[in-house]
Amino acid sequence: MKVSIDAILGSARKISNQRQVEEESADGKRKDGLRTDRVEIENRVASRIDNIQKELREIQTSLTRSQIVRDGLIQLQNDMAKGGAGAAAILDSVRFEGAPVLREFVGSADSPSVLSARRESIGGLIAGDVAKLTRLQVEVENIAASNVIGGEKIGALVGSLEDALSGRDAASLGSISHLKEEAVTRLVR
């Protein structure tokens, strides 16, 4: 039996190639840590998407409630400017999910300064909810761009966020934030 360096190196290459073929699965992915890491990352991202959907529903509920209260405050202020005869009817008629939310929020406000303070307060709550929505939108767009999870679920979530931000009073930039449109336009360009 003749043993040469070339024969030993050739046998080592065959063994190495055989091990590599055994480590790879049928779809060409390695069975070592890379595949399990990807599955773990996909599971974490899927879990985060579920949490984002839950947060989105909560924020939309809060935003809708706040917008209803703000509209009621505007009605109260207009009524107070005319003499305040319809304040009790307005407090009872402004409801969210069957509850008189304006009465809960305003309490026994009987002066224009109290109503103005309450209106500023609700404006802050609306701005906070919109800021949360925009943060969620950025996070969802980053997840979509990462291509870790694709498909309908992420597309539906992006659509929901865009609808929430483009709906109702959020359509104008002034109602979303205190940014100046001209400054933002210059920065984007």
Side-chain angles (χ1 to χ4, degrees), residues 44-146 153-189:
R44 285 184 181 182
V45 171
S47 173
R48 181 61 188 139
I49 288 173
D50 291 340
N51 288 337
I52 288 173
Q53 288 174 330
K54 180 182 170 192
E55 289 176 39
L56 176 62
R57 284 189 298 274
E58 292 170 358
I59 293 169
Q60 285 176 321
T61 300
S62 173
L63 183 61
T64 302
R65 181 183 184 280
S66 297
Q67 288 172 332
I68 289 171
V69 169
R70 184 189 59 198
D71 292 343
L73 283 171
I74 292 170
Q75 290 175 22
L76 270 178
Q77 285 179 317
N78 291 340
D79 181 64
M80 194 169 280
K82 295 176 185 175
I90 293 171
L91 286 170
D92 288 333
S93 67
V94 177
R95 295 179 172 270
F96 178 71
E97 296 179 347
V101 291
L102 187 60
R103 184 175 299 280
E104 292 172 9
F105 188 78
V106 173
S108 61
D110 55 354
S111 70
S113 62
V114 171
L115 289 178
S116 294
R118 298 279 193 222
R119 191 166 171 195
E120 287 179 26
S121 171
I122 200 71
L125 293 174
I126 290 171
D129 286 341
V130 171
K132 290 176 188 175
L133 280 174
T134 54
R135 267 194 309 274
L136 284 179
Q137 184 179 24
V138 168
E139 186 174 354
V140 167
E141 287 174 354
N142 286 339
I143 290 171
S146 72
K153 193 171 189 178
I154 196 81
L157 189 54
V158 169
S160 296
L161 282 165
E162 288 175 353
D163 289 345
L165 285 172
S166 66
R168 294 196 192 128
D169 296 320
S172 67
L173 184 59
S175 68
I176 292 176
S177 74
H178 302 289
L179 297 175
K180 296 179 181 160
E181 292 180 60
E182 300 84 27
V184 172
T185 305
R186 281 195 313 264
L187 287 173
V188 170
R189 289 182 189 166

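Keep in mind that this is a model prediction, so the values were computed, not measured.
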**Study point:** N/O donor-acceptor pair under 3.5 Å between Thr61 side chain and Arg57 backbone
**Key:** yes
Revision key, fill the gap. Sorted by chain and number, sequence neighbours left out, salt bridge (charged side-chain N to carboxylate O under 4.0 Å, His left out) with Arg48 holds for Glu55, Glu139
Review point. How many angstroms lie between CG in Leu63 and CG in Leu133, if you round to the nearest 0.5 Å?
Key: 6.5 Å
Check your understanding: So, for Leu125 and Ser66, which heavy atoms are closest and what is the spacing to 0.1 Å?
Key -> CB-OG, 4.1 Å
Review point. Would a 4.5 Å heavy-atom cut-off, applied to side chains only, mark Gln60 and Leu56 as touching?
Key: yes
Check your understanding: Where do Pro100 and Arg95 come nearest, in terms of heavy atoms and distance?
Key -> CD-NH1, 3.5 Å
**Study point:** Short N-O contact, Lys132 and Glu58, less than 4.0 angstrom
**Key:** no
Check your understanding: How about Val94 and Ile68: do any of their side-chain heavy atoms sit closer than 4.5 Å?
Key -> yes
Exercise for review: Work out which heavy atom in Gly72 is nearest to a heavy atom in Ile90; give both atom names and the distance.
Suggested key: O-CG2, 4.0 Å
Review point. Hey, what do you get for CD1 (Ile59) to NZ (Lys54), rounding to the nearest 0.5 Å?
Key: 12.0 Å
Review point. Could you give the distance from CG (Leu115) to CG (Leu73), rounded to the nearest 0.5 Å?
Key: 6.5 Å
Practice item. Kindly compute the distance separating OG1 (Thr64) from CD1 (Ile126), expressed to the nearest 0.5 Å. Key: 10.0 Å
Revision key, fill the gap. Residues passing the side-chain hydrogen bond (donor to acceptor under 3.5 Å, both in side chains) test with Ser62, sequence neighbours excluded, are Asp129
Review point. What are the two closest heavy atoms between Glu104 and Ala99, and how far apart are they?
Key: OE2-CB, 4.1 Å
Review point. Between Ile122 and Arg70, which heavy-atom pair has the shortest distance, and what is it?
Key: CG2-CB, 3.8 Å
